Amino acid sequence: MSKTIKIIKNRSDIGAGTRGSDLGVDAIEIAAINQRNDYFNQFDFEDIETENESIYNKVNNSFAKRIKSVYEQCTRLSTSVKRNLEENNFPLVLSGDHSSALGTISGLKAANPDKRIGVVWIDAHADIHSPYTSPSGNIHGMPLAAALSEDNLACQVNEVSEETKTYWTGMKNIGCDGAKVLASDVVYFGVRDTEEPEDKQIEALGIKNYMVHEVRYRGLEVCVQEALQSLAACDMIYISFDVDSMDCDMISYGTGTPVPKGFDQYEIIEIFNQLIASKKIGAIEFVEVNPLLDFKGNKMAETAFEVLDAVTKSLKKTI
């Protein structure tokens, strides 16, 4: 039985260090309108209630900023994703900051508790910090660690409050108790900006990172097929696409943490298309478009929409 694409709009930026990614969804919609593309009239959608006003709360643990609100936001998103999957919808999630990925993964696992979930993380950043290791305290750098239920205490540098520990434990148990995904079932594409605790954790967990230069040298198709082979035991795959995986000098600086020497949009589209062709994709998420930082007008959102439109056309053929 075929699924129906459902767009889930999660305009939250409270996990980021810079405000503005909550406007990313609207910026993508404006890009579609300006191209006279009726994309957003083609699909049903729902809006997730946000807690963006929590940025005014100055009483926050510096090692996990606004963790209570991020926990509640991810819980709401998880509930939405789970419900939509149970209603035979395909969750196409458009989010603000990347902390939301924990909600989407948790919802996917909650709807499929006996299934093995694979994750393809297309990003300039590993997002595998925890409150114990994060130098910034911004939770958009922690969602994958929470999904893996990994604290990386071997690299601990922060003394974390009991309240933060409680909410961090809660985050690791959103949707269902424990890890949502095994480290062996995670593959990175494009990660090139990490800190030492992340490097040590990635090495310890054995997570493969297909860096941009490797993909170009060995061939995109070879690398994606190799990634799919490593995820062969997974029943379904979640794709998380952070727009900072793209080259900021080539595309735009319209994202919270831009990093040069990334992919172009055509490489991103091809990575998506090959993954989608596996017919294992359970959910897709786009994150971190920040129009407030875009000195090229709305270029990042326009490029993100170019990817979104192309990817959706491929997706409709396989679900």
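These values consider heavy atoms only, across backbone and side chains, with no hydrogens, waters or symmetry-generated copies. No experiment lies behind these values; they were computed from the predicted model shown.
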>> Between Asp22 and Thr50, is the side chain to side chain contact (heavy atoms under 4.5 Å, CB included) condition met? List the steps.
In response: CA-CA 9 Å; Asp22 59 320; Thr50 69; over 6 Å; no
> Just by distance, with hydrogens left out, do Thr194 and Asp199 show a side-chain donor and acceptor under 3.5 Å apart?
Replying inline: yes
>> Quick check: closest heavy atoms across Gly20 and Leu292, and the distance to 0.1 Å?
In response: CA-CD1, 3.7 Å
>> So Gln265 and Ile251, do their side chains get closer than 4.5 Å, heavy atoms only?
In response: yes
> Salt bridge between Glu46 and Arg83, side-chain N to carboxylate O under 4.0 Å?
Replying inline: yes
> Is the closest side-chain donor-acceptor distance between Glu285 and Thr104 under 3.5 Å?
Replying inline: yes
>> Checking side-chain polar atoms at under 3.5 Å, does His140 have a donor or acceptor matched by the opposite partner on Asp127?
In response: no
> Are Ile7 and Leu315 in one and the same hydrophobic cluster, where Ile, Leu, Val, Met, Phe, Trp and Tyr link if side-chain heavy atoms are under 4.5 Å apart?
Replying inline: yes
>> Are Leu182 and Met236 connected into the same hydrophobic cluster when the rule is that any two of I, L, V, M, F, W, Y join if their side-chain heavy atoms are below 4.5 Å apart?
In response: no
>> Please give me the minimum heavy-atom distance between Ser12 and Gln73, naming the atom from each residue.
In response: OG-CG, 3.7 Å
> Is the shortest distance from a Lys or Arg side-chain nitrogen in Glu226 or Arg218 to a carboxylate oxygen in the other one below 4.0 Å?
Replying inline: yes
>> Pairing donors with acceptors under 3.5 angstrom, does anything connect the side chains of Lys3 and Asn88?
In response: no
> Got Glu198 and Glu195 here, is their nearest side-chain heavy-atom distance under 4.5 Å?
Replying inline: yes
> Please walk me through it: do Lys299 and Glu302 pass salt bridge (Lys or Arg N to Asp or Glu O under 4.0 Å)?
Replying inline: CA-CA 5 Å; Lys299 180 64 175 177; Glu302 291 167 357; 5.0 Å; no
> So, are Glu214 and Lys208 salt-bridged, with charged N and O less than 4.0 Å apart?
Replying inline: yes
> Can you list the steps and then say if Ile268 with Val311 is a side chain to side chain contact (heavy atoms under 4.5 Å, CB included)?
Replying inline: CA-CA 9 Å; Ile268 295 293; Val311 164; over 6 Å; no
> Looking at side-chain heavy atoms only, is the closest gap between Asn158 and Thr133 below 4.5 Å?
Replying inline: no
> Where do His125 and Asp242 land on the side chain to side chain donor-acceptor pair (under 3.5 Å) test, with the steps shown first?
Replying inline: CA-CA 9 Å; His125 306 91; Asp242 188 323; 5.0 Å; no
>> Side chains of Gln225 and Gln274: any donor to acceptor distance under 3.5 Å?
In response: yes
> What about Ile105 and Ile174, same hydrophobic cluster or not, with Ile/Leu/Val/Met/Phe/Trp/Tyr joined at side-chain heavy-atom distances under 4.5 Å?
Replying inline: no
> Heavy atoms, side chains only, cut-off 4.5 Å: are Trp121 and Pro143 in contact?
Replying inline: yes
> Is the closest basic N to carboxylate O distance between Lys280 and Asp235 below 4.0 Å?
Replying inline: no
>> Just by distance, no angles: are the side chains of Ser78 and Ser106 close enough, under 3.5 Å, to form a donor-acceptor pair?
In response: no
> Under 3.5 Å, side chain of Lys109 to main-chain N/O of Lys115, donor-acceptor pair present?
Replying inline: yes
>> Just so I know, are the side chains of Tyr253 and Asp294 near enough to count as touching, which here means a heavy-atom distance under 4.5 Å?
In response: no
> Can you tell if the side chain of Leu228 reaches within under 4.5 Å of the side chain of Ile237, non-hydrogen atoms only?
Replying inline: yes
Using atom types as modelled, flag every donor-acceptor pair under 3.5 Å from a side chain in residues 25-33 to any protein atom, sequence neighbours excluded.
| from | atom 1 | to | atom 2 | distance (Å) |
| --- | --- | --- | --- | --- |
| Asp26 | OD1 | Arg11 | NE | 3.4 |
| Asp26 | OD1 | Arg11 | NH2 | 3.2 |
| Asp26 | OD2 | Arg11 | NE | 3.1 |
| Glu29 | OE2 | Lys9 | NZ | 2.6 |

> How would you list, by chain and number, every residue that makes a side-chain contact (heavy atoms from CB on, under 4.5 Å) with Glu267, sequence neighbours excluded?
Replying inline: Arg216, Leu220, Phe263, Asp264
> Hey, mind stepping through Phe45 and Phe40 against ring-ring contact (aromatic ring centres under 6.0 Å, His included) and telling me if it holds?
Replying inline: CA-CA 9 Å; Phe45 71 90; Phe40 286 95; 8.6 Å; no
> Are any non-hydrogen side-chain atoms of Ser99 and Val70 less than 4.5 angstrom apart?
Replying inline: yes
> What ring-ring contact (aromatic ring centres under 6.0 Å, His included) pairs are there with at least one residue in residues 264-283, not counting sequence neighbours?
Replying inline: Phe241-Phe272, Phe272-Phe286
> Using a distance-only test with no angle check, is there a side-chain donor-acceptor pair under 3.5 angstrom linking Thr169 and Thr166?
Replying inline: no
> Is a side-chain donor-acceptor pair under 3.5 Å present for Thr255 with Asn290?
Replying inline: no
>> Would you say the rings of Tyr39 and Phe305 are close, in the sense that their centroids are separated by under 6.0 Å?
In response: yes
> Can you hop from Leu94 to Val307 via hydrophobic side chains spaced under 4.5 Å?
Replying inline: yes
> So do the side chains of Asp44 and Thr4 get within less than 4.5 Å of each other, counting heavy atoms only?
Replying inline: no
> Below 6.0 angstrom between ring centroids: does that apply to Tyr210 and Tyr188?
Replying inline: no
> Between Asp193 and Asp244, does a side chain to side chain contact (heavy atoms under 4.5 Å, CB included) hold up when you go through it step by step?
Replying inline: CA-CA 10 Å; Asp193 185 16; Asp244 70 23; over 6 Å; no
> Do the side chains of Ile139 and Tyr71 join up, straight or via other hydrophobic residues, at under 4.5 Å, putting them in one cluster?
Replying inline: yes
>> Quick one, Lys180 with Ile117, criterion side chain to side chain contact (heavy atoms under 4.5 Å, CB included). Give me CA distance, side-chain angles, the key distance, then yes/no.
In response: CA-CA 7 Å; Lys180 311 302 181 291; Ile117 311 296; 6.0 Å; no
>> Minimum heavy-atom separation for Gly178 and Ser149, please, with both atom names.
In response: C-CB, 4.4 Å
> Are any of the side-chain nitrogens in Lys172 or Asp177 under 4.0 Å away from the carboxylate oxygens of its partner?
Replying inline: no
>> Tell me which one of Val191, Ile122, Val212, Ile271 satisfies side-chain contact (heavy atoms from CB on, under 4.5 Å) with Ser245.
In response: Ile122
> Can Asp151 and Trp168 be counted as having a side-chain donor-acceptor contact under 3.5 angstrom?
Replying inline: yes
> If you measure only the distance, is there a donor-acceptor pair under 3.5 Å linking the side chains of Gln35 and Asp309?
Replying inline: no
> Side chains of Ser130 and Asn152: do they bring a donor and an acceptor to under 3.5 Å?
Replying inline: no
> Nearest heavy-atom pair of Glu159 and Phe63: which atoms, and what distance?
Replying inline: O-CE1, 3.3 Å
> Does the pair Asn273 and Ser314 meet the rule for a side chain to side chain donor-acceptor pair (under 3.5 Å), with working shown?
Replying inline: CA-CA 6 Å; Asn273 285 346; Ser314 297; 2.6 Å; yes
> When you check the gap from the basic side-chain N to the acidic O, do Glu51 and Arg76 get nearer than 4.0 Å?
Replying inline: yes
> For Ile207 and Val186, which heavy atoms make the closest approach, and how far apart are they?
Replying inline: CG2-O, 3.6 Å
> Thinking salt bridges, do Lys200 and Glu203 make one under a 4.0 Å N-O criterion?
Replying inline: no
>> Quick one about Asp38 and Gln42 (side-chain donor to acceptor, distance below 3.5 Å, no hydrogens or angles considered), yes or no?
In response: yes
> After noting the C-alpha distance and the side-chain angles of Ser240 and Tyr238, does the key distance pass the side chain to side chain donor-acceptor pair (under 3.5 Å) rule?
Replying inline: CA-CA 6 Å; Ser240 198; Tyr238 158 74; 2.9 Å; yes
